[in-house]
Amino acid sequence: MGSTRRTGRIRSRAAAMAACGAALAALTAVPAQAHEPERRVPHWELKDTGAPETRFRGLAAVSRTTAWVAGTGGTVLRTTDAGATWRNVSPPGAGDLQFRDVEAFDARRAVVLAIGEGEASRVYRTDDGGVTWTESFRNTDPKAFYDCLAFFDHRHGLAMSDPVDGRFRILSTGDGGRTWKVLPDGGMPAAQEGEAGFAASGQCLVTSGPKDVWLATGGAARARVLHSADRGRTWTATDTPLPAGDPARGVFALAFRDRAHGLAVGGDFRPDQPSPNAAARTSDGGRTWRPAATPPPAYRSGVAWLPHSRTAALAVGPTGTDLTTDAGRTWRTVDTGSYDTVDCTRDHGCWAAGEKGRVARLEH
């Protein structure tokens, strides 16, 4: 029996890798000539959310069929049929809040973060698909401003705030977001003048494995990435080559496919400003960052590795989507639609979300 199970797992993994390889080949394929058969190239297919006034910067992809989005006006939507229909599962009384991050464990359990100064920063949790919500955290420190959430597993997670008294503040949960506590800041390096996180895509705080977490910063003289290997108790800071020196510049999003290999994207979010060197990569867990030889052509706010690939990833922003097939060394634009965030799942489900109610799934 053991041999049979192992053989089944090997075949399943081989099938997954083959599917990913086929999708990657299609993404990078040269357009067919007129006399050639039409090729089915993967592309973003917009899904009608029925919320054209909402900007969705929070996105949690659970599978190819299930996803959650969170955005302006205290809006949370959920689909369980691949985006054909969306259910408004917004927490009651949250209309004045700005949701910028959502982390979902499955179709029923999710945690959302509202951003803002003082009591505008809040965390809500649902265990019944958004039928009911519990407010599990409300910030009472007027100096704190929470930006992002991230979970290591179904129980352990963190939330990060812009610096308070000169250091980034970290919240911790050990019960899936039902309760939170502020971690001691003795292991957090001092923040630079003006340094903060960007609540642009829910990807300024990301995890890989049971204990590693990375925090992206900007707005200061140097755009940095902070890393913790002990669930947020102690941190080290590393400079990146991304644009810095202005409140609008920095690292906006991170993605790690394991605890060593990561991508950083960002730039200058002002549409009239260029964003050279808008992407970087690391192969040592964030101890060093190298600029992309051919970066995205403009500011990018979200990034995600394609499932079951060691080299392919997508970056998104208001002016388009870029693809890398060499682990972040070079990028090329594959779509010009506006998206703020992107997320992929192990069953080959990739989703993107952004302004004007835009949510899309990568279709093959």
Side-chain angles (χ1 to χ4, degrees), residues 17 19-34 36 38-46 59 61 200-201 203 216 223 240-243 249-257 261-283 289-344 348-355 358 360-364:
M17 293 298 291
C20 182
L24 186 58
L27 269 172
T28 58
V30 177
Q33 300 298 318
E36 293 180 348
E38 182 181 356
R39 296 178 181 177
R40 298 178 63 192
V41 178
H43 60 281
W44 289 125
E45 181 174 292
L46 284 169
L59 167 65
S201 60
Q203 296 178 321
T240 75
L242 271 70
R249 299 173 186 161
V251 181
F252 282 72
L254 299 168
F256 277 79
R257 65 172 173 81
H261 298 87
L263 302 169
V265 300
D268 190 319
F269 69 75
R270 295 171 295 188
D272 61 338
Q273 296 296 314
S275 290
N277 299 323
R281 58 193 173 91
T282 181
S283 58
W289 291 87
R290 289 170 286 177
T294 305
Y299 155 74
R300 294 294 181 253
S301 55
V303 63
W305 291 92
L306 288 179
H308 307 291
S309 175
R310 297 174 60 85
T311 57
L314 295 171
V316 299
T319 62
T321 298
D322 303 297
L323 169 73
T324 179
T325 57
D326 53 16
R329 292 173 178 83
T330 61
W331 297 82
R332 68 181 182 89
T333 302
V334 294
D335 185 271
T336 56
S338 175
Y339 299 103
D340 292 314
T341 186
V342 59
D343 194 17
C344 296
H348 304 286
C350 283
W351 297 78
E355 63 180 339
R358 288 169 61 89
R361 194 182 73 162
L362 195 65
E363 302 292 343
H364 301 280

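For the pair S275 and A298, the tightest heavy-atom approach, listed with the atom from each and the gap, is CB-C, 4.0 Å. In terms of heavy-atom proximity, L263 sits nearest to A313 at CD1-CB, 3.4 Å. The minimum heavy-atom distance linking V303 with L254 is given by the pair CG1-C, 3.7 Å. Across all their heavy atoms, P295 and A278 have their closest contact at CB-N, 3.9 Å. Nearest heavy atom pair, residue F252 against residue A200, reads CD2-CB, 3.8 Å. Nearest heavy-atom pair across A253 and S301 is CB-O, 3.1 Å.
Checked against ring pair (Phe, Tyr, Trp, His ring centres under 6.0 Å), F269 has no partners two or more places apart in sequence or in another chain. Judged as a side chain to side chain contact (heavy atoms under 4.5 Å, CB included), and not counting sequence neighbours, the contacts of P296 are A279, R300, D322, W331. Here Q273 pairs with nothing under the side-chain hydrogen bond (donor to acceptor under 3.5 Å, both in side chains) rule; sequence neighbours left out. Partners of Y339 according to the ring pair (Phe, Tyr, Trp, His ring centres under 6.0 Å) rule, which considers only residues two or more places apart in sequence or in another chain, are W44. In terms of the salt bridge (Lys or Arg N to Asp or Glu O under 4.0 Å) criterion, residue partners of R270 (sequence neighbours excluded) are, by chain and number, D246, D268. When the side chain to side chain contact (heavy atoms under 4.5 Å, CB included) test is applied to T341, the partners found at least two apart in sequence or on another chain are L59, S201, Q203, A353. Under the side chain to side chain contact (heavy atoms under 4.5 Å, CB included) criterion, T240 pairs with A223, V225, L242, V251, W289, sequence neighbours left out. Taking the side-chain hydrogen bond (donor to acceptor under 3.5 Å, both in side chains) definition, one finds that D340 meets it with R55, sequence neighbours left out. Shown here are the side-chain hydrogen bond (donor to acceptor under 3.5 Å, both in side chains) partners of R290, two or more places apart in sequence or in another chain: S283. Scanning for side-chain hydrogen bond (donor to acceptor under 3.5 Å, both in side chains) contacts around R361 gives E363, with sequence neighbours left out. Applying the salt bridge (Lys or Arg N to Asp or Glu O under 4.0 Å) test to R257 and every residue at least two apart in sequence or in another chain returns nothing. With sequence neighbours left out, the side chain to side chain contact (heavy atoms under 4.5 Å, CB included) criterion links T294 to T330.
Residues L46 and R358 form a side-chain contact, since some pair of their non-hydrogen atoms from C-beta on lies under 4.5 Å apart. Side-chain contact between T319 and Y299 is absent, with no heavy atoms from C-beta onward closer than 4.5 Å.
Not a single donor-acceptor pair under 3.5 Å links the side chain of D335 to the backbone N or O of T321.
Taken from CZ in R332 to CG in L323, the straight-line distance is 6.0 Å, to the nearest 0.5 Å.
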Q | D326/T311 under side-chain contact (heavy atoms from CB on, under 4.5 Å): CA gap, chis, key distance, verdict | A | CA-CA 5 Å; D326 53 16; T311 57; 5.6 Å; no

